[in-house]
Enquirer: 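If you scroll down you'll find the structure; I have some questions about it.
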Amino acid sequence: MFNRILQPVDLGESISEIKIKSSFVNRLSDKEIILVHVLNPGLGSEDQAKSRLYHISDELNKIGINTRVRLCSGHVASEIVKTALDEEAGMIYLPASKKNFLVSTLMGSTTHDVLRLTEVPVFVHKQRPVITKTESLKRVILATDFQEAAQRAWPYVKMLGDFIPELIILHVGERAADPYTEQVRRENVQARLNELKEKFKDDFDSIRQLTRIGSPARHIIEAVDDTDAELVVLGRLNEPFLSRIMGSTCSRVASSVKSSVLLIP
Amino acid sequence: MFKNKVFVYSLFIVAAFVVLGVINPALLDSFSTALHRAIIAHFGWAYMLSGFFFLVFCLVLALSKFGSIKLGKDHEKPEYTYFGWFSMLFAAGMGIGLIFWGVAEPLSHFMDPPEHIDPETGQAATFAMRYSFFHWGLHPWAIYIIMSLSIAYFSFRRGMPPLISSCFYPLLGNRIYGSWGYLIDILAVFATIFGIATSLGLGAMQINSGLEHLYGLPSSNTATLAIIFVTTLLFMISASVGLDKGIQTLSKSNIFLAFILLLFMLVFGPTSYIFNVFTDTIGGYVGNVLEMSLSMNPFLGHDWYKNWTLFYWAWWIAWSPFVGIFVARISRGRTIREFVSGALLVPALLTFVWFSVFGGASLFLELERGAGIGLSVQEDVSTALFMVFEHFPGTIILSNVAILLLVVFFVTSADSATFVLGIMTSQGSPNPSLSKKLIWGVTQSSVAAILLVSGGLAALQQMAITAALPFTFVLLLMCYNLWKALSAEPGESLLKRF
């Protein structure tokens with residue numbers, strides 16, 4: 001469980017929408033939720049924002065969700081990341097906004113900026129799971145390449161076992177350059193997937209394994225569609241220069257996948 | 001349906017084209033001409049960019065950390081000595097074409113340069129030599145290297161059959177054993193057959209011209225067919241003896257003979273003039289190689305570049321499957337750096353020397369002595385070499401040596417081609433059966449003979465160039481596959497040891 005979860009709020013949202021989101025994320029927290037709002041410098045009234053923020057906090061406290069508030073000013077993504085570090089938050093909760101392509105291309109996306117800058121795990125809440133008070137998750141995909149970044153996601157996957165009954169372990173790798181090495185690689189992948197299955201067997205009711213060859217982002221997105229998973233957990237990789245131009249796997253998954261994403265930096 | 005689909009389908013396709021060439025050469029000619037023109041007109045830039053990319057890719061590979069990777073297991077040593085290796089490289093890659101064009105190309109450019117250069121001037125001579133170097137220099141070898149390096153790497157280091165389709169495993173996986181693999185290999189056979197048949201046709205024509213020049217043997221179909229028949233018998237014998245004994249012995253002896261001829265021309269020709277030409281052209285080539293590599297001149301003289309540079313680039317690409325497999329076969333045990341530097345620099349340098357000696361001597365005769373060879377070359381390029389020999393002592397001996405060189409290069413090229421075609425149609429067996437080699441030997445000679453007789457040589461030459469377009473993409477994808485495979489080695493070394 002996370003001690004503190006940082007939940008950025010848009011003051012234009014209705015109290016009921018915020019309550020539903022906070023109720024959902026509160027299940028992952030065992031201490032408090034920090035509501036953060038970032039003002040654009042020179043725009044909007046600080047007093048009005050503060051008043052609204054405290055009102056939201058009070059409403060959430062009334063329904064048993066322990067919250068605190070932080071009001072900041074500056075670049076939205078940078079301030080969210082900075083506040084998360086200052087508050088030693090265990091996770092940033094980001095409900096994905098539905099900007100159209102043109103807006104996100106021209107103006108950039110706060111979600112992508114947070115994903116790029118963060119040193120704290122980020123939960124990007126997409127269309128799935130549908131946010132209702134009673135919503136529960138049915139299956140999660142752990143996307144792994146067996147590298148160090150993927151290993152950092154293991155403790156979080158174990159923790160998610162408390163809420164989610166089914167785990168799907170997805171390995172996406174590159175085909176070896178010859179049939180013999182490819183056979184050895186496949187055997188190696190299967191052995192390591194079995195090790196992972198063994199590792200998580202006590203945490204989940206059922207565990208499935210999937211292996212794919214090719215682009216990680218494409219296969220993660222396809223696997224989510226095929227299995228109807230509601231959450232993908234993946235570690236952030238230090239990817240090569242080309243990925244910075246084409247978009248990192250995390251960024252591509254976060255923007256295109258239908259399920260929610262838990263990114264472990 | 002068939003056990004060996006590549007062999008059956010490619011033989012069928014070749015036969016179909018030959019039959020069409022015999023029955024209706026005009027139809028084949030108009031079809032191939034239209035296709036060839038469309039490709040050169042619309043995809044010429046792709047050939048130019050690709051040719052430059054291949055050269056850069058070779059240099060990057062040689063200078064990168066991958067340069068120390070061996071084309072074979074780590075403990076393997078090269079099979080052939082440097083002299084044997086270079087001889088076979090040169091004989092397979094250039095050989096007969098160099099004899100044909102050594103005099104003819106510089107003189108052709110000198111007489112008929114692009115429109116912004118005045119013909120038959122010093123400027124035209126400089127241009128002629130520089131572009132002869134360019135067309136026969138680093139770029140063709142870079143194209144061959146991409147093909148041969150990929151095949152050598154995937155077959156000797158990765159243990160796959162020496163087929164072009166094997167190089168696509170990182171991209172296609174097991175699909176290389178299906179339709180995609182067959183398509184790639186059939187395309188390679190197609191290009192090889194038409195490429196080699198055309199060259200053999202050119203060689204036979206030049207031998208015929210030489211014999212006419214020397215002995216008054218009239219240039220006729222019968223004479224050309226007889227030449228093809230005799231040379232076919234010779235390369236069949238060479239193919240029967242086997243690679244080690246046959247091709248290597250012939251290549252070595254031919255390089256020795258070519259060297260003697262070269263030395264003679266250098267000593268008895270305008271020696272200082274030739275050295276001046278060599279030095280000046282090397283300087284011009286090195287200083288302008290980047291500009292020439294990407295020069296399409298769309299505003300002025302574009303047709304010249306289409307007719308020459310793009311023709312050559314397409315031609316080298318069409319030849320690359322044949323040269324690539326053969327060069328791969330003889331390069332086992334060398335490191336990538338050694339392979340790239342050896343195959344890129346040594347044959348190119350030998351070619352530069354050859355062009356300087358023969359092209360330089362002919363330009364000397366034309367500019368300084370007013371020999372009038374250029375006009376004769378414009379009429380019939382196959383006589384160019386013999387016309388130059390007339391101005392040297394021992395004309396008859398020189399011409400006979402040149403004919404012998406042509407015959408032996410004919411034999412080595414045809415022998416190498418049958419060997420390569422045998423490999424390609426035997427699912428990559430490194431030692432194809434004699435019967436298969438003989439079938440391909442007869443086929444390629446028949447193609448050359450039938451086309452010469454039916455007048456369809458130009459049409460088939462154009463078809464080979466047409467086949468180069470898909471092969472350009474094949475080569476580009478080979479670069480991708482090779483890079484992927486080389487990049488994966490450190491990670492895979494945890495799984496297995498090389």
Side-chain angles (χ1 to χ4, degrees), chain A residues 143-152 169-196 209-220 222-223 226 234-249 252, chain B residues 60-61 64-66 69-74 149-178 180-181 328 332 336 427-428 477-498:
Chain A
T144 180
D145 57 0
F146 305 130
Q147 302 296 313
E148 194 189 334
Q151 289 179 19
R152 286 200 294 271
I169 307 170
L170 169 67
H171 175 265
V172 186
E174 290 198 15
R175 182 185 287 114
D178 62 82
Y180 171 71
T181 315
E182 174 59 11
Q183 180 62 29
V184 176
R185 186 194 72 82
R186 280 173 191 271
E187 288 166 7
N188 191 272
V189 165
Q190 193 54 53
R192 297 183 78 171
L193 283 176
N194 290 341
E195 282 173 22
L196 274 183
Q209 298 163 332
L210 292 176
T211 56
R212 298 274 192 276
I213 288 172
S215 153
R218 182 167 65 86
H219 284 297
I220 291 169
E222 281 178 7
D226 294 347
L234 69 161
R236 186 172 64 188
L237 305 167
N238 287 323
E239 291 178 289
F241 174 71
L242 192 63
S243 301
R244 297 182 195 179
I245 300 168
M246 306 297 287
S248 69
T249 299
R252 286 170 63 197
Chain B
V60 168
L61 272 186
S64 72
K65 61 182 178 183
F66 302 138
I69 292 175
K70 268 201 175 168
L71 301 174
K73 306 297 177 195
D74 285 339
L149 187 60
S150 297
I151 293 167
Y153 175 79
F154 281 97
S155 52
F156 303 142
R157 191 160 180 86
R158 294 283 183 170
M160 298 179 74
L163 293 170
I164 292 162
S165 55
S166 299
C167 308
F168 283 75
Y169 190 84
L171 186 67
L172 296 176
N174 287 334
R175 280 172 289 178
I176 62 165
Y177 304 117
W180 282 106
R332 185 171 191 145
I336 288 178
Q427 288 148 341
L477 288 171
M478 285 175 97
C479 294
Y480 168 79
N481 281 293
L482 183 61
W483 190 265
K484 287 273 285 183
L486 290 170
S487 307
E489 280 215 4
E492 288 175 2
S493 63
L494 300 173
L495 300 175
K496 67 165 192 174
R497 293 184 68 80
F498 286 101

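We name chains A, B, ... by the order of the sequence lines, and we start the count at 1 in each one. Quick caveat: nothing in here was measured; it's all calculated off a predicted structure.
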Enquirer: B:P170 and A:R175: which non-hydrogen atoms are nearest, and at how many Å?
Expert: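 The answer is O-NH1, 3.1 Å.
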Enquirer: Could you tell me which residues in residues 159-169 of chain B have at least one non-hydrogen atom under 4.5 Å from a non-hydrogen atom of chain A, sorted by residue number?
Expert: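 Listed by number: B:M160, B:Y169.
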Enquirer: Only counting residues at least two apart or in another chain, list the ones meeting salt bridge (Lys or Arg N to Asp or Glu O under 4.0 Å) with A:E222.
Expert: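 For A:E222 the salt bridge (Lys or Arg N to Asp or Glu O under 4.0 Å) partners, ignoring immediate neighbours, are A:R218.
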Enquirer: Taking atom CH2 as the centre, does B:W180 end up with more than 12 heavy-atom neighbours from other residues, nucleotides or ligands that are less than 6.0 angstrom away?
Expert: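 No, not enclosed.
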Enquirer: Please indicate whether A:R186 has more than 12 foreign heavy atoms, meaning atoms of other residues, nucleotides or ligands, lying under 6.0 Å from its CZ.
Expert: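 Atom CZ in A:R186 is not crowded, with 12 or fewer foreign heavy atoms closer than 6.0 Å.
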Enquirer: As an exercise: rank B:N174, B:N481, B:L482, B:L171 by heavy-atom pairs under 4.5 Å with chain A and give me the winner.
Expert: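 Ranked by contacts with chain A, first place is B:L171.
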Enquirer: What part of A:E187 gets closer than 4.5 Å to chain B, counting heavy atoms only: side chain, backbone, both or neither?
Expert: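 Neither part.
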Enquirer: If you compare all heavy atoms of A:A177 against all heavy atoms of B:F154, which two are closest, and at what distance to 0.1 Å?
Expert: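 Here A:A177 and B:F154 meet closest at O-CE2, 3.4 Å.
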